[in-house]
Amino acid sequence: MNVRFSALAALFVLLPAAGLTQQQNTVDLIFENDRTTARSAGAFRHDGLLYISLNDLCEGFGLRSYESTDSRKLEIKRGNARLKVSAENPFVVLTDQTERRSVYQLPVNVIHAAGTYFVPLELFVPLFERISGRSSSYQPATNAILVEGSTPSFEVDIPTILFEPKVNGLVIRVKASRPLRDFESWLRQDGWLYVTIAEARADTQAINRLKTDGMIRRIVAIQTPTSVQLTFKLSGKIAASEILPDDHSDDILISIRRPGEEDKILLERKRQEIRKGLEEQRDRWKLDVIVIDPGHGGNDPGTTGLNRTREKDITLKIGLKLGALLEKEMKDVKVVYTRKTDRFVELDRRGQIANENNGKLFISIHCNALRQKPSSVRGFEVYLLRPGKTQDAIDIAERENAVIELEEGYRERYQELTEENFILVTMAQSAYLKSSEVFADILQHELGDHLPIPNRGIRQAGFYVLVGAAMPKVLVETAYLSNREDERFLRSDTGQEKIARALFNAIERYKEEYEKLLEEGREIGVR
Ligand SMILES: [Zn+2]
C-alpha cells in the first residue's frame, strides 16, 4: 500500500513554486513482519541534523494526531498516552498510559512549516517509541526506520456511504463510527456536490467502488491528512442540498431536493445570497490598503552618501511624497506608513504594522551604497524575498539586516536567515510570491521608463523587513548614494518626486490588473 503524506507532498509542491532547489528527503518506515509494505515520511537536513515530519510519522504508525492551530501544538494519542510538541519550542510533554506526565527537552526547537511539525529524527525515536509502543530504530545506512511488528492499519471513521431515494430527491447517508462534528458541503450549479469532513478517515477504496445509479452519476472519495473529501456528480436539476447530523446515529446526512414550485423562490434567494457573499469577498480582497515602509530612521541612519546624505532622510522623503500622491489621486486606498517621522522602528515591527492594518501591498524604500566611495556603480534594483543568490544581493541584505543589532533582544526575535530557514519562511509565503513578482515587474518598467537611473533589474535576497508582512511585497533600492549622479538625483526634490511618481504609477497599474482579475473572478462566480 502506498500512502500519500502531507509534509512530503507540501514540500514537493511548494519548493519548486518558491524557486528553491534544496534537496528533499524521505525516510522509509519498514515494519519487520511485512517488509514489502512501503511507507515513508518527509524529512530534510538542517544544521547537520535530520528532521522528520511528525505528522507523517503518525500517519505511518496509524496514530491519530490533533493540531491546535491557535497555540501551534501537535498532540498524538494512543489510549491514555499522549505526546505533545509545540512549534519553535524544544519541550516534549509525554503522558504515559498511567497518566504520569514527564517533560523532555530536545537540544533544538521543533520546526513548524507547511502545516507540519518537524522533529530531529534520531533524538526523537526513543520518545516516539513511548507513544507508539513499538521498538524502533533509525538506520542511517538504508535511511529507514526499522519498526517491530506488522504494518499498522488505520482506524476508519467512515466505512461506507448509503443512498436513500425519497419522493422529491435523495438522502446520502455517510456512515460514521464515531461523532464527527466538523463538516460542510457545497453544491455547485453544474451539479457537483462537494463534501468535506474534517479530522476523519474514510475507507476510500470501498467508497470509490460503490455502484452508482439514479441521481448519483459519480463518486470520488479522497483522503487528505486532515480531512475526507467526497465529491458527487448529480444528475438532473437540483433545488437545494443540506448537510446535517443524523439524530439517531453518528452518521452525516446530505439531503438533496429536486425543484418544485416553491423551490424557485428559494433558489432565487440562494442566488442573491451567493452574489452578496462574493461581493463581500471581493471587497475583502480589494487593493485598498498600501503600506509604505521608509527604510531605517532614528538612531539607524542607513547608508551615507558622498555629501553625508543619510539614507533614512531620503527614504522618508520619498515615502511621504508617495503617500501624498496616493492620498490625493487614489481616494479609495488607505495609506499606512511604518514611520512618518525620523524615528527608529524595529524590522519585525514594520511587518506587524502592515498586517495589523490589513495591508494589501508592502513597499519598502531604500537607497543603496558601496563601501568604496565614490563609485561608478549606479542604478535601481527591485528585490523579492528569497534567499540571496548573488554575492551582491547577499551583501545588500546583510547591510539592510544589520540594523537588528541595534534592537533589544534581537537574538531571540530573529532566527538566522540560513538557506534552510528561508525555505520554511518562503513556503509559508509562496501565496504572495506570484503577486510580488507581478508588482516587481511593473515597478521595474515604471522606474526604468521614467527615471534617469539605470535599471539593475529584479533580484532576490533575504530581507528581514519583508519576512513578516503577509501580503505581496517588494523592497526597492532606489539608487546609489555612493555614486555622484545618483546621489545628486536622490538629494534633489525633483529626483525624489520622480521616484515617488514612478512608484505611484506602478501601484496604479498593478491595482488595475489586480482588480480586473477580481472582476473576472466575479463574472465566473455568478451566472
Ligand atoms: Zn536601507
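Note that ligands are numbered from 1 as they come in the structure, with each ligand's atoms numbered from 1 the same way. Quick note: numbers below take in every heavy atom, side chains included, and nothing from hydrogens, waters or symmetry partners.
- Under the salt bridge (charged side-chain N to carboxylate O under 4.0 Å, His left out) criterion, R343 pairs with no residue at all, not counting sequence neighbours.
- For K498, the side chain to side chain contact (heavy atoms under 4.5 Å, CB included) test picks out L451, F489, with sequence neighbours left out.
- Atoms CG and CZ, on L361 and F439 in that order, are 4.5 Å from each other to the nearest 0.5 Å.
- Note on K334 versus D288: no salt bridge recorded, every NZ/NE/NH1/NH2 to OD/OE distance being 4.0 Å or above.
- Looking at T196 and E184, their side chains never bring a donor and an acceptor atom within 3.5 Å of each other.
- Looking at residues two or more places apart in sequence or on another chain, you find no ring-ring contact (aromatic ring centres under 6.0 Å, His included) involving F91.
- Counting only protein atoms, the N, O or S atoms lying less than 2.8 Å from the Zn ion (ligand 1) are H296 NE2, E311 OE2, H366 ND1, E400 OE1, E400 OE2, ordered by chain and residue number.
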